[in-house]
Number of protein chains: 4
Amino acid sequence: MAVDKRETIVASALKLFEELGYHNTKVSHIVKDAGMAQGTFYLYFKSKEDVFRTVIEQCLEEIITALAPESWADSVMDEAQVHYQLIRKSLEIYYHHRHVLNILKRHGSASPEIEDIAATFYKNVCIVLMKLTQEHFPGYSEEKLEANAYATIGMVEMAAYQWFIQKGYGLEKLDLLTEVILEVNLDCKEIGGSSV
Amino acid sequence: MAVDKRETIVASALKLFEELGYHNTKVSHIVKDAGMAQGTFYLYFKSKEDVFRTVIEQCLEEIITALAPESWADSVMDEAQVHYQLIRKSLEIYYHHRHVLNILKRHGSASPEIEDIAATFYKNVCIVLMKLTQEHFPGYSEEKLEANAYATIGMVEMAAYQWFIQKGYGLEKLDLLTEVILEVNLDCKEIGGSSV
Amino acid sequence: MAVDKRETIVASALKLFEELGYHNTKVSHIVKDAGMAQGTFYLYFKSKEDVFRTVIEQCLEEIITALAPESWADSVMDEAQVHYQLIRKSLEIYYHHRHVLNILKRHGSASPEIEDIAATFYKNVCIVLMKLTQEHFPGYSEEKLEANAYATIGMVEMAAYQWFIQKGYGLEKLDLLTEVILEVNLDCKEIGGSSV
Amino acid sequence: MAVDKRETIVASALKLFEELGYHNTKVSHIVKDAGMAQGTFYLYFKSKEDVFRTVIEQCLEEIITALAPESWADSVMDEAQVHYQLIRKSLEIYYHHRHVLNILKRHGSASPEIEDIAATFYKNVCIVLMKLTQEHFPGYSEEKLEANAYATIGMVEMAAYQWFIQKGYGLEKLDLLTEVILEVNLDCKEIGGSSV
DNA sequence: GATGAATGAGCCTTCATTCAT
DNA sequence: CATGAATGAAGGCTCATTCAT
């Protein structure tokens with residue numbers, strides 16, 4: 001029953017960071033919510049920034065792992081299926097880690113002290129996506145691959161944020177959301193640069 | 001030479017908000033950068049939050065106006081062209097207002113005190129996009145239109161952020177970026193939900 | 001028509017000192033009420049304290065003069081009449097100068113910077129009263145005369161304050177008030193120290 | 001030796017409020033006098049106004065209680081004795097609480113933020129006195145009783161202020177002062193309104 | 001390990017006063 | 001004389017962090 005004190009702090013910190021943001025969450029809030037003395041906090045973390053990093057970074061690593069094709073792709077999938085599954089998987093991951101990802105999106109780059117966290121994370125996700133896309137678009141330049149990857153990240157992130165966080169929906173909308181995202185731009189594929 | 005003092009404050013504030021974030025930018029930094037006494041700041045703005053709101057909100061209104069189809073769409077354009085131009089125009093706007101949009105993206109929802117600004121902005125952009133999309137997809141539900149709009153916003157924002165802010169590129173990449181964004185997902189249109 | 005600017009400042013200052021107190025009245029309030037620029041204030045007064053002193057002290061001198069028996073006593077009055085008239089006159093004076101006396105009572109000793117004003121005033125009033133009482137109580141010690149004088153001052157001041165300021169009554173209550181004050185303690189004259 | 005820190009703050013605050021007034025007493029003065037860090041102050045009181053209210057209001061309640069006839073009157077006293085004892089008791093109370101009452105008198109209504117304290121106190125004292133006087137003057141109107149009460153309050157307050165505060169006397173003058181106060185007006189009882 | 005009182009640097013804001021025009 | 005923008009010293013209060021118990 002005696003939950004680890006460190007875990008308690010992490011839980012309270014997460015909750016409050018999400019609710020109030022990094023700067024408006026005070027150490028006093030965290031320890032009050034965690035039901036312990038102010039000093040105890042510093043037995044487990046060396047600063048407020050430390051909890052933030054610890055909590056967020058650990059979660060982000062899990063996400064990167066979960067996003068790697070090894071975790072979900074299958075040799076029998078064709079490329080279209082891979083793409084569909086990628087979006088679906090990404091949304092699912094977002095849902096599962098929605099609290100941390102919400103913090104990351106809203107407060108992650110709010111301060112120079114912590115903005116490297118978000119930067120590193122996005123870069124890593126980008127690398128995963130680039131690798132995946134490269135197999136479909138072998139002729140693409142690095143630059144195009146990267147742009148493509150970031151566009152996908154932005155799309156998934158924003159859609160998931162609005163659905164899972166703002167509207168509070170659960171996974172029951174997962175397929176709907178996946179399809180809508182996949183349909184974005186579909187109707188204009190034939191034109192592209194020619195219309196300028 | 002005698003630049004308007006208010007302008008000076010705005011310039012310094014913008015620069016510092018972008019660099020340090022809302023919370024880490026102190027009024028003392030702003031006035032130091034602007035080369036004036038601390039008290040002078042309060043002749044032009046009634047608080048730190050006031051500069052932030054004033055500067056950001058005004059810019060966001062301009063953006064909403066610029067984004068409205070009246071400002072750029074043309075009756076002779078077909079739907080594909082409209083879509084292409086929308087993305088292109090959005091990226092262009094992002095570029096022109098990149099400093100404010102960067103602040104919005106990174107620090108806009110970092111505090112309860114100011115998060116309404118970003119929320120309102122995204123909602124307004126969403127409304128513009130939904131109207132536009134509705135003409136192409138008359139059968140779409142409100143929900144799908146909304147999801148589609150947010151996905152587009154996320155895509156444009158993230159791509160523009162990486163290109164114009166992180167990489168520091170200028171408009172020379174505008175067409176490239178537009179095309180890449182339009183091609184996202186293109187290769188999978190034929191599958192959709194059937195592949196689950 | 002062009003009222004003297006100095007007078008305008010004095011009028012505004014008086015009004016605001018009474019309403020807000022010395023510390024809560026800002027120079028900016030005064031000039032705004034007086035309809036002039038901030039700098040103009042310093043052409044007529046050298047500081048905020050200076051207006052306060054000027055306004056109050058001048059009025060207090062008038063009061064001392066008005067209170068002197070020469071202004072109201074009459075050789076045909078007997079001692080009882082003198083006493084009655086003294087109270088009545090004091091109340092009347094309080095009424096006429098109620099704004100300044102209100103300021104004096106409420107804010108006059110609120111700061112070391114200005115507390116000498118009130119102290120001097122009360123001392124002067126005390127001297128007037130002591131002289132007057134001495135003729136009735138030739139056997140009284142200095143000490144008793146002084147105590148008596150201060151008791152009278154306190155009585156008149158508090159009663160007048162409650163009536164003219166707090167309740168906002170005018171001179172129609174003058175006689176009633178005078179009588180009540182004179183009756184205070186009346187019923188116990190026969191006992192005094194014997195009852196201890 | 002380890003005096004309660006809260007007590008220390010109260011002591012310093014009282015001393016400084018009395019000496020410098022509410023506005024001129026800075027929190028930095030208080031903590032310096034109390035020998036602690038600035039932040040410590042806020043562990044015990046939530047603002048400067050809070051110390052003021054806490055300290056003053058508590059004391060004033062004690063005074064109201066001590067002033068109630070139950071605390072000092074006796075069934076065997078005749079009315080004259082009651083009156084004598086009332087004055088005597090009031091002076092005694094003033095002496096015991098002279099620091100707080102001095103603050104109240106001098107600074108109590110110096111600011112809109114705190115003036116309700118003094119107003120409430122005087123009203124309560126007035127009520128106590130009115131009840132007491134009503135038994136002696138059953139025919140008096142409310143208005144007369146009130147005027148009488150306030151006159152008494154003013155008399156006692158001013159006399160006590162001059163004796164115990166300004167002159168720094170102690171209780172050795174208590175009876176003298178009581179008698180002088182009781183004799184005020186004595187010589188004119190026979191005239192009243194008839195002399196106008 | 002746990003506590004929580006104590007610290008003190010630092011922030012936002014106010015405002016009396018000055019001075020160039 | 002008049003102006004009002006500019007100044008900058010302070011003040012109230014917060015909060016991350018420390019440390020004696």
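Residue numbering restarts at 1 for every chain, and letters A, B, ... go by the order of the sequence lines. What you see below is based on every heavy atom in this structure, not just the backbone, and it leaves out hydrogens, waters and symmetry mates.
The shortest distance between the side-chain N/O atoms of Lys26(C) and the OP1/OP2 oxygens of dT14(E) is not below 4.0 Å. Checking the phosphate oxygens (OP1, OP2) of dT7(E), a side-chain nitrogen or oxygen of Thr40(D) falls inside 4.0 Å. For the OP1/OP2 pair of dA16(F) and a distance below 4.0 Å, the side-chain nitrogens and oxygens of Ser47(A) include no atom meeting the criterion. Taking side-chain N and O atoms only, Tyr44(B) has a distance below 4.0 Å to OP1 or OP2 of dA6(F).
The residue Phe45(C) sits apart from the nucleic acid: no heavy atom pair falls under 4.0 Å. Contacts of Lys48(B) with the nucleic acid, taken as non-hydrogen atoms under 4.0 Å apart, involve only primed sugar atoms and P, OP1 or OP2. Residue Lys5(B) is classed as a sugar-phosphate contact, given heavy-atom separations below 4.0 Å to backbone atoms only.
When the nearest nucleotides of DNA chain F are assigned to Gly39(B) and Phe41(A) by heavy-atom distance, the more 5′-ward of the two goes with Gly39(B). DNA chain F is contacted by both Lys46(A) and Thr25(D); Thr25(D) maps to the nucleotide lying nearer its 5′ end (nearest heavy atom per residue).
Taking atom CD1 on Ile30(B) and atom C1' on dG8(F), their separation rounds to 17 Å, with Å as the unit. In this structure, Tyr42(D) places its OH atom 17 Å from P of dC11(E), rounding to the nearest Å. Atom pair Ile9(B):CD1 and dA5(F):P shows a separation of 13 Å (rounding to whole Å applied). Taking atom NE2 on His23(B) and atom P on dC15(F), their separation rounds to 10 Å, with Å as the unit. In this structure, the CG atom of Leu43(C) is 14 Å from the P atom of dT17(E), given to the nearest Å. The interatomic distance linking Asp4(D) (CG) with dA6(E) (C1') rounds to 14 Å, in whole Å. Nucleotide dG4(E) holds its C1' atom 17 Å from the NE2 atom of His29(A), rounded to whole Å. What separates CG of Leu16(C) from P of dA16(E) is a distance of 12 Å, to the nearest Å.
Pairing analysis of DNA chain E (Watson-Crick: purine N1 to pyrimidine N3 plus N6-O4 or O6-N4; G-U wobble: N1-O2 and O6-N3; both under 3.5 Å) yields stems of 3 or more pairs at E:2-21 with F:2-21.
Side-chain atoms of Val100(B) and Phe17(B), non-hydrogen and from C-beta on, never get closer than 4.5 Å to each other. Residues Thr54(C) and Val51(C) are not in side-chain contact: their nearest non-hydrogen atoms beyond the backbone lie 4.5 Å or more apart. Residues Ile103(A) and Phe52(A) have side chains in contact (heavy-atom distance under 4.5 Å, counting atoms from C-beta outward). Inter-residue side-chain proximity for Tyr122(D) and Glu157(D) is flagged as met; some heavy-atom pair is nearer than 4.5 Å.
For Gln38(A) and dT3(E), a side-chain-to-base donor-acceptor distance below 3.5 Å is absent, hydrogens and geometry of angles not being considered.
Among the nucleotides dT3(F), dA16(E), dG8(E), the one closest to any side-chain atom of Ala37(D) is dG8(E).
In this structure, CD in Glu18(B) is found 8.5 Å from CZ in Arg98(B), a value given to the nearest 0.5 Å.
Using a distance-only test at 3.5 Å, with no hydrogens or angles considered, no donor-acceptor pair links the side chain of Lys48(B) to the main chain of Phe45(B). With hydrogens and angles ignored, the 3.5 Å screen pairs no side-chain donor or acceptor of Asp33(D) with any backbone N or O of His29(D).
One finds a salt bridge joining Arg53(B) and Asp116(B) here, because a Lys/Arg side-chain nitrogen approaches an Asp/Glu carboxylate oxygen to under 4.0 Å.
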